[in-house]
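The structure appears right after this line, and notes come after that.
Letters A, B, ... mirror the listed sequences (proteins, then strands); counts begin at 1.
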Amino acid sequence: MTHIPTTTQSTQAGKNNLLILVSAPSHDRLTKYTAKILQTLPIFNVPTEVHKFEGPLTYDQLLAQKLINPNNTSIALIFGGHGEASALKGPGANPGAADYKKARSIFYDDSSLAQGPDFLLAFCCNAATGLGESYKHGPARRAFVGFKTKIGFVTVGGAYAKCWRKIIHSSASAMLRAKNRREMKKTILALYDAAYSYFDSAPGSKHEHALLMKMYLLKQKEVLRFIKT
Amino acid sequence: MNRKEEFEALLTYFADAPVSFAGGEDSGRVGNEEPSFSRKSSKSPKRVKAKSSKLDNKISDEMVLQELRRTKAILKNNPSLFSGDPTGFFTYEDPVLANIAYLCQSHLLKPSIAALAGEEERTISKKNFWEWAKTGVHLWLSRNAKSYQTLMGMTPRESIKIDKDIMRLAVIGDAGFKGQAQKNVLASIKERHRENPFDLLIHLGDVYFAGNEKEFLKNFLAPFQKVGPRVLALVGNHDLYFGGEAFLDTLDVLRQPGRYFCVENLHWRVGCLDTALPDVTLRRNSGCLDEGQLRWLDELLATDGDKQTILMSHHYIVSGWEKSSGKLKNQLAPHLKKIFAWYWGHEHSCAVYDKKTAGVNGACVGNGAFSETWKPPSGAPLPKWYAKGRCVCHQTRSKYWPHGYLELQLEPKRVIEKYNLEGGKAYTRTLKRG
């Protein structure tokens with residue numbers, strides 16, 4: 001189990017504790033896949049809330065539902081789903097609606113920046129260009145890891161899901177544990193290198209979609225953005 | 001597994017790849033769903049619309065996968081898009097597939113060099129296929145669409161006049177493919193030209209695989225210019241799969257008056273049509289004429305005088321093998337009575353039709369260079385004659401249509417058609433003016 005300091009380095013001044021909030025929208029083929037991964041992440045040694053949602057929801061609403069006070073709790077948000085430059089996106093309609101699979105709504109954007117989270121792992125497309133920029137110039141002692149462009153996933157279970165799970169879990173841990181941006185970046189990039197190496201040689205290379213995994217691991221690695229203020 | 005099967009297996013692998021993209025925009029079937037059209041639908045699924053902002057630097061993986069998925073679905077609905085030799089060189093009547101097939105096969109053409117270095121690459125790896133697919137999609141999406149507009153404006157102001165009583169034309173179709181067949185056929189035209197000169201060598205269109213500049217130069221201009229007679233070119237569907245620039249440049253090189261044009265002497269008018277550019281469908285497989293061209297044709301046919309009119313085009317309205325273009329047929333139906341004869345390509349075969357059964361005296365002369373598996377006609381109208389031999393380019397009897405060209409002699413009172421095939425065989429027909 002990865003040790004994550006629960007105070008001082010990880011928490012903002014004036015905040016007593018750290019909470020990992022895993023937000024898993026689940027409304028189309030991709031997000032159903034990522035939701036399963038997020039729901040089965042290895043245990044962190046800090047309090048963790050996993051919330052899967054299938055209808056429209058915002059970050060503020062989620063905090064309210066979970067009775068989380070962002071003023072006294074340092075929040076590490078792990079988000080897996082769809083994104084765009086300035087927003088993390090969730091379902092835009094309720095299950096059963098005609099356009100359910102395609103409709104999107106904003107889960108989080110920088111209008112909620114004051115509320116946090118203090119740590120954001122945005123495992124979705126594009127958010128690093130807008131949200132990442134907001135984090136860079138926003139309140140101090142925050143961290144952001146996300147992607148600058150669209151990212152692809154091989155959406156198959158087994159070794160593939162195991163790989164994504166490890167990357168997400170270890171990236172989040174690195175984000176919380178690292179003393180500085182450089183350390184965070186080094187650790188996370190090493191995760192991608194290890195994953196790539198697995199699929200590049202036996203036995204990982206024998207997997208049917210090993211080539212695709214390598215492609216998308218490389219692509220994700222190329223477009224990662226790391227912010228730690 | 002033959003090359004076609006290998007190619008299509010790789011296409012299927014990537015098209016069916018379980019990959020999704022975590023984008024925020026609603027970009028339709030972005031890896032989330034299978035294409036929503038039904039298998040029975042006759043409509044082709046829509047292509048990725050290329051927005052210039054997306055193409056500034058590169059095509060995304062998502063766009064490539066989307067194209068591959070749709071291309072696979074198109075091919076599944078229309079297996080007849082395949083054309084050529086499943087064990088040799090082949091293409092598809094689809095711009096994305098044609099581009100990818102070209103790149104893959106260009107790669108496989110290198111074994112002769114690789115063999116010298118002690119390697120032999122006879123198969124395409126998944127990694128290579130993906131690279132060619134990305135490039136192929138990129139080629140298609142980054143084509144200069146404006147060049148089509150420029151080409152559309154290339155309409156003739158004057159006809160090409162042959163100041164002779166007897167006009168001799170060498171007509172060859174679908175011959176923009178460099179290989180032994182092209183070499184043999186052009187050599188036989190050259191030899192015949194020495195014996196009895198042709199006034200023109202007319203290509204009925206299709207430079208493989210996608211009509212880019214390199215292909216036009218290497219597969220068409222260079223070999224054809226060496227034959228002897230002046231060369232003119234009709235537009236085929238493959239000529240436009242990479243935009244219209246290469247064909248525009250070719251018009252300049254050939255000093256050709258337009259994408260459609262007329263050749264005439266005292267007794268005959270040969271209207272050379274462009275049935276490819278006005279066909280705005282993705283694959284340009286059916287052919288049709290634009291309004292301006294139809295007006296030009298009306299004027300041509302209405303001109304007073306004793307001249308009779310012969311037409312040439314890439315696409316056909318008559319075939320004993322494939323269903324012919326409804327639109328082109330409808331456009332030209334009112335004029336058929338005034339047409340003395342018609343010659344076309346597109347199908348890689350050699351077959352002669354007569355007015356009684358087909359409504360027009362004409363022939364398919366698409367056996368210029370591309371290898372196509374021979375098969376007998378299966379529909380109406382049945383041709384009056386079709387080549388029954390086989391290609392002997394490599395000196396052993398193969399399963400392909402024999403290659404050749406049409407020697408057309410336009411005399412004051414008659415037309416003599418001689419369908420010259422490899423191996424010295426020929427079929428001759430004489431059409432007399434009424």
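For B/K399, the NZ atom is densely surrounded, since the number of other residues' heavy atoms within 6.0 Å is greater than 12. The neighbour count for A/K36 NZ, taken as heavy atoms of other residues, nucleotides or ligands under 6.0 Å away, does not exceed 12. Within a 6.0 Å sphere centred on NZ of A/K166, heavy atoms belonging to other residues, nucleotides or ligands number 12 at most. Heavy-atom neighbours of A/K66 NZ from other residues, nucleotides or ligands within 6.0 Å: above the threshold of 12.
Contact annotation for A/Y160: neither backbone nor side-chain heavy atoms come within less than 4.5 Å of a heavy atom of chain B.
Contact count versus chain B (heavy atoms, under 4.5 Å) is highest, among A/A127, A/C124, A/A87, for A/C124.
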message: Apply ring-ring contact (aromatic ring centres under 6.0 Å, His included) to residues B/F14 and A/H209 and explain how you reach the verdict.
response: CA-CA 10 Å; B/F14 283 101; A/H209 303 297; 9.6 Å; no
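Two residues are said to be in side-chain contact when any heavy atoms from C-beta on lie closer than 4.5 Å; B/S20 and A/R29 meet this criterion. Inter-residue side-chain proximity for A/L212 and B/W130 is flagged as unmet; no heavy-atom pair is nearer than 4.5 Å.
Each of A/V156, A/V154, A/L30 was scored for a side chain to side chain contact (heavy atoms under 4.5 Å, CB included) with B/V19, with one residue passing: A/V154.
Minimum heavy-atom separation, A/C125 to B/F21: SG-C, 4.3 Å. Taking each heavy atom of A/G81 and B/A22 in turn, the nearest pair found is O-CB, 3.1 Å. When all heavy atoms of B/K126 and A/E208 are compared, the closest pair comes out as NZ-O, 3.7 Å.
Residue pairs meeting the salt bridge (charged side-chain N to carboxylate O under 4.0 Å, His left out) criterion with at least one partner in residues 127-137 of chain A, sequence neighbours excluded, are A/E133-A/R225.
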